[in-house]
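This structure is a prediction, so every number in the text was calculated from the model and none was measured. Only heavy atoms go into these numbers, but all of them, side chains included; no hydrogens, no water, no symmetry mates.
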Amino acid sequence: TWECQGNGQYKFKITWFYSCDSSSVLAPPTSINITSNGTITSIPCLKISESDVTPNCGSVNGISCTAGDLTTVSRVEYESASIQLQGLPPAAGWEFNASVCCRATSTNTLNKTNIYLQSTMFAPAGVTWADPCYDSSPRFLDEPHIYAAAATMQTISFADMQDVDGDSVVVNWITPKGSFGANISYEPDYSFNQPIPSSVVDPSNIDGVLDPTSGFYKFSSNTAGRF
């Protein structure tokens with residue numbers, strides 16, 4: 001994401017959630033580089049925080065990321081210095097990409113490669129120059145939904161998406177990407193817009209439905225796994 005600062009410059013931020021119990025996951029790097037097809041092709045971001053965001057679920061002993069317990073998750077945040085972006089994004093926008101190792105093992109995907117993040121900056125009508133900054137990107141306010149109980153109707157909310165400039169926000173699925181921006185493939189009976197076990201996997205499952213306007217995703221699954 002990026003924020004339009006009071007000085008007319010941009011500050012970029014990366015928020016990365018990783019599975020602490022996966023042997024494929026390395027320790028978070030101290031810095032991540034954002035690459036872009038814009039006027040600045042490389043934006044270094046330094047790690048500013050790392051925290052365990054695993055729900056305790058009422059456990060007496062608890063589980064923790066530092067212990068590498070099963071299904072624990074950590075949030076790592078990175079931030080750039082304030083920078084100027086000159087010129088104007090084309091109609092297709094400026095893309096900003098970041099890649100970190102490694103994608104944790106899951107039940108529904110095939111190729112376990114890097115985690116690849118991408119955002120695109122567009123120029124609204126009437127804007128002729130990106131300097132000074134003119135807009136901030138939307139951002140998520142809440143932590144990710146880590147657990148879901150089997151055999152019960154679940155509602156996951158993406159409605160915490162906020163745009164400080166008052167722009168409209170809609171939510172939709174997109175094909176995840178791995179190393180070098182290559183698409184991640186899915187196991188049979190799963191897809192980018194049906195990542196949770198559907199009625200094809202088990203007739204007793206209720207297919208997930210995402211409402212792009214409200215941001216609510218509803219489903220029910222009797223199939224256990226990591227998705």
### Task
Determine the minimum heavy-atom distance between Tyr134 and Pro124, stating which atoms define it.
CE1-CD, 3.3 Å
#### Entry: Side-chain donor or acceptor of Asp165 paired with backbone N/O of Asp167 under 3.5 Å
no
Show me the donor-acceptor pairs, under 3.5 Å and distance only, between side chains in residues 169-184 and residues at least two apart or in other chains.
{"from": "Lys177", "atom 1": "NZ", "to": "Asn183", "atom 2": "OD1", "distance (Å)": "3.0"}
{"from": "Ser179", "atom 1": "OG", "to": "Asn114", "atom 2": "N", "distance (Å)": "3.4"}

### Query
Just checking, is any N or O donor in the side chain of Gln9 or Asn7 under 3.5 Å from an acceptor N or O on the other one?
yes
### Task
Kindly say whether Phe227 contributes a backbone atom to a donor-acceptor pair with the side chain of Thr107 at under 3.5 angstrom?
no
### Query
Can you check whether Pro195 reaches Tyr217 side chain to side chain, under 4.5 Å on heavy atoms?
yes
#### Entry: Spatial distance of atom CD1 (Ile196) from atom CD1 (Ile206) [nearest 0.5 Å]
13.5 Å
#### Entry: Donor + acceptor pair across side chains of Gln118, Thr120 (<3.5 Å)
no
### Message
Between Asp207 and Ser199 (side chain of the first, backbone of the second, donor and acceptor by atom type, cut-off under 3.5 Å), is there such a pair?
### Response
yes
### Task
Rounded to the nearest 0.5 Å, what's the gap from CZ on Phe216 to CG on Leu210? Could you check?
11.0 Å
### Phe17-Tyr147 co-clustered via ILVMFWY side chain contacts under 4.5 Å
yes
### Query
Does one hydrophobic cluster hold both Leu88 and Leu85, with members joined at side-chain heavy-atom distances below 4.5 Å?
yes
### Ile43 with Ile115, same ILVMFWY side-chain cluster at under 4.5 Å
yes
### Task
Report the distance from atom OG of Ser119 to atom CD1 of Ile34, rounding to the nearest 0.5 Å.
8.0 Å
### Query
Which atom pair, heavy atoms only, marks the closest approach of Asp163 to Ser137?
OD2-C, 4.2 Å
#### Entry: Test applied, side-chain contact (heavy atoms from CB on, under 4.5 Å); reference residue, Phe219; option that passes from Ile156, Val209, Thr155
Ile156
### Cluster check Trp129, Trp2: I/L/V/M/F/W/Y, side chain < 4.5 angstrom
no
## Note on the structure
Between the OH atom in Tyr18 and the OG1 atom in Thr72, the distance rounded to the nearest 0.5 Å is 8.5 Å
### Task
Side-chain contact test, heavy atoms from C-beta onward, threshold under 4.5 Å: evaluate it for Trp16 versus Lys47 and give yes or no.
no
### Query
Side-chain heavy atoms under 4.5 angstrom apart, residues restricted to Ile, Leu, Val, Met, Phe, Trp, Tyr: same cluster for Phe96 and Val127?
yes
#### Entry: Flag, side chain of Ser36 to backbone of Glu95, donor-acceptor distance under 3.5 Å
yes
Give every donor-acceptor pair under 3.5 Å between a side-chain atom in residues 74-83 and any protein atom, sequence neighbours left out.
{"from": "Ser74", "atom 1": "OG", "to": "Ser51", "atom 2": "O", "distance (Å)": "3.1"}
{"from": "Arg75", "atom 1": "NH1", "to": "Glu143", "atom 2": "OE1", "distance (Å)": "2.9"}
{"from": "Arg75", "atom 1": "NH1", "to": "Glu143", "atom 2": "OE2", "distance (Å)": "2.3"}
{"from": "Arg75", "atom 1": "NH2", "to": "Ser51", "atom 2": "OG", "distance (Å)": "3.3"}
{"from": "Glu77", "atom 1": "OE1", "to": "Ser49", "atom 2": "OG", "distance (Å)": "2.7"}
{"from": "Tyr78", "atom 1": "OH", "to": "Pro29", "atom 2": "O", "distance (Å)": "2.6"}
{"from": "Ser80", "atom 1": "OG", "to": "Phe12", "atom 2": "N", "distance (Å)": "2.9"}

### Message
Any heavy-atom pair between the side chains of Pro197 and Ser221 that's under 4.5 Å?
### Response
yes
### Query
Closest heavy-atom contact between Ser198 and Asn205?
O-ND2, 3.1 Å
### Query
Between the main-chain N or O of Val201 and the side-chain N or O of Tyr190, is there a donor-acceptor pair closer than 3.5 Å?
no
### Message
Ignoring hydrogens and geometry beyond distance, is a side-chain donor-acceptor pair present between Arg139 and Thr15 at under 3.5 Å?
### Response
no
### Query
What distance do Lys13 atom NZ and Ile48 atom CD1 have between them, rounded to the nearest 0.5 Å?
6.0 Å
### Query
Atom CD in Gln5, atom OG in Ser136: separation rounded to 0.5 Å?
7.5 Å
### Query
Tyr186 versus Thr109: any side-chain heavy-atom pair under 4.5 Å?
yes
